[in-house]
Protein chains: 2
Amino acid sequence: MAETVAFDPVDLQILRLLQNDARTTYRDLAAQVGVAPSTCLDRVARLRRSGVILGRELRLDPAKLGRGLEALLSVQLRPHRRELVGPFVERIRALSESRALFHLAGPDDYLVHVAVADTADLQRLVLDEFTSRREVARVETRLIFQQWSCGPLLPPARDGSAAS
Amino acid sequence: MAETVAFDPVDLQILRLLQNDARTTYRDLAAQVGVAPSTCLDRVARLRRSGVILGRELRLDPAKLGRGLEALLSVQLRPHRRELVGPFVERIRALSESRALFHLAGPDDYLVHVAVADTADLQRLVLDEFTSRREVARVETRLIFQQWSCGPLLPPARDGSAAS
DNA sequence: GCTGAAACGAGTCCTAG
DNA sequence: CTAGGACTCGTTTCAGC
């Protein structure tokens, strides 16, 4: 859980390359980073053990799966107590329409990123799964016109001024 | 760009498995789906060509990379004209702190998901990259307490009532 | 379009430096 | 920790169904 402070340039380069394609072979990885394939294998195994690498996921096109409409739902819970929060979160996560869920600081307690077929589907989702729930005090829906993923989350980009 | 309506149960199962681990071998895939490895290879190639599979990405832990604090920034642009939008989007996407960017319908034009080191870093980011820009009329910052990823985006879950 | 086997190439382990 | 080699296993192709 702590910040695993030590990352070689080699580690970072490996992460960068794997972010572009998680299926890059260790051979290619090795060639591009400048170490032996077996070393790459070792590095990646260590990175996995350290917890930096949480998984290798497929990025899919929601539109191609009949989910051409995406939206963000700001949800405000009524009492916002722990007993309500757990079940609410689990229910939302289990919805096939949910893509991501955030617990936020601020007036809106939760933000839910959903992908649906069309506006009728969105209306159904909001009515049946959100506003009909007792603990949900308010839901604000914002359509997503367009979205972009932003670079590879690397590097930390620090100078020598790291306060450990 | 259109909805590629046709997906076998085999295709869907393959997508489901690859979502859990994009590096699942075609051999394992075949064993779990119930077809030959060569068929899996063929299916995946077709899925890639169809555009459903956009990429194989690594999921990393931001905290382990010195980015333990995440936030959502709601940004309102002043005139919100096309000439301003393009450069703004490109600049935000290029920031190493940005994780995702959404163009929204509603009073807040953009939502930016950022990952930073600490509150000081967040303040610097907001001041230097957002409020200092002429086209940015307002920025609202909401911290992320916790976040969850939500299931594998599959299946479309439709009955026979598909209107082609 | 799916299968199975065979050839090729990559992943993995081990030993040594 | 890294490199190189050898063995194992996965991927890919192709002929046949």
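Chain naming here is simple, since letters A, B, ... match the order of the sequence lines and numbering starts at 1 in each.
For A:R46, taking side-chain heavy atoms from C-beta onward, the closest of the listed nucleotides D:dT2, D:dT12, C:dG11 is D:dT2. Distances were taken from every side-chain heavy atom of B:R23 (C-beta onward) to each of D:dT12, C:dG11, D:dA3; the shortest belongs to C:dG11. The listed nucleotides are D:dA3, C:dT12, D:dT11; the one nearest the side chain of A:A36 is D:dA3.
In this model, no donor atom of one side chain and acceptor atom of the other lie less than 3.5 Å apart for B:H103 and A:Q147.
Rounded to an integer number of Å, the gap from CG of B:L18 to P of D:dT11 is 11 Å. As rounded to whole Å, 8 Å separates atom C1' of C:dG1 from atom CG of B:D42. Across the protein-nucleic acid pair, B:L29 atom CG and D:dT11 atom P stand 9 Å apart, rounded to whole Å. Look at OH on B:Y26: it is 13 Å from C1' on C:dA10, rounded to the nearest Å. Distance B:D21 CG to D:dG10 P: 14 Å, rounded to the nearest Å. Atom-to-atom, CG of B:L41 to C1' of C:dA5 comes out at 15 Å; the value is rounded to the nearest Å.
Every residue two or more places apart in sequence or in another chain that forms a side chain to side chain donor-acceptor pair (under 3.5 Å) with A:E140 is listed here: A:R138.
The phosphate of C:dG1 (OP1 or OP2) has no side-chain N or O of B:R43 nearer than 4.0 angstrom. Put simply, A:R27 has no side-chain N or O that comes within less than 4.0 Å of OP1 or OP2 on C:dT12.
Proximity of A:V75 to A:L111: side-chain heavy atoms (C-beta onward) are nowhere separated by under 4.5 Å.
Among the protein residues, B:S38 comes within range of the nucleic acid bases, having at least one heavy atom under 4.0 Å from a base atom. Residue contacts shown for B:T39 include a base, since a base heavy atom lies under 4.0 Å away.
Other residues, nucleotides and ligands contribute at most 12 non-hydrogen atoms within 6.0 Å of the CZ atom of B:R27.
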